[in-house]
Amino acid sequence: MTSAGRPLPAVTEINRPYWTSGAEGIFRLQQCPDCARLIHPPALRCQYDHATPQWVELSGRGTVESWTVNHHPFYPGFPTPYVIAFVNPVEDSRVRVLTNLVDVDPDEISAGMPVRVTFEAGDDGDPSEVVWFPLFTAEC
Ligand SMILES: [Zn+2]
């Protein structure tokens with residue numbers, strides 16, 4: 001498996017479940033046990049009440065909040081155009097996940113469009129640390 005040119009994230013103890021849960025086909029984010037807000041990007045504490053977040057399994061469904069179509073070739077092997085988007089999980093629409101929309105016609109994207117997670121694997125040659133990029137595609 002390769003990342004096909006997609007730059008890999010720095011996987012840490014704090015964000016590891018976000019980048020590796022795709023191996024199980026599961027989309028996980030952190031949730032605050034006190035106020036029940038989802039938390040993203042991963043953090044050590046809830047920013048509202050400082051409780052320690054827990055990782056929870058989500059449906060992987062969401063809606064498009066906003067998006068842009070990138071035509072600039074920032075990375076070799078990362079074909080343009082591609083869609084950069086903020087997706088709100090259905091479980092908590094206050095949270096934004098910065099991601100790519102894949103297998104969608106950019107002209108067909110609209111605000112509030114239902115999407116579902118899909119995962120793309122990437123590694124840098126070390127099979128012990130495969131990253132699964134949470135991407136989103138149109139829900140059918
Ligand atoms: Zn909280």
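All of these numbers come straight from a predicted model, not from anything done at the bench. In listed order, ligands and their atoms are each counted from 1.
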* From the options Arg96, Glu65, Arg94, select the one residue that forms a side chain to side chain donor-acceptor pair (under 3.5 Å) with Asn88. => Glu65
* Structure fact -> Rounded to 10°, the SG/Cys46 to the Zn ion (ligand 1) to SG/Cys35 angle comes out at 110°
* Quick one: sort the Tyr18 and His40 rings into parallel, tilted or perpendicular, breaks at 30° and 60°. => tilted
* Closest approach of Leu29 and Pro89, non-hydrogen atoms and distance? -> CD1-CG, 3.8 Å
* **Three-point angle Cys32:SG, the Zn ion (ligand 1), Asp49:OD1, rounded to the nearest 10°** => 90°
* Phe119 vs Phe27 aromatic rings, parallel, tilted or perpendicular, using cut-offs 30° and 60°? -> tilted
* Do you see an N/O/S atom of Asp34, backbone or side chain, under 2.8 Å from the Zn ion (ligand 1)? -> no
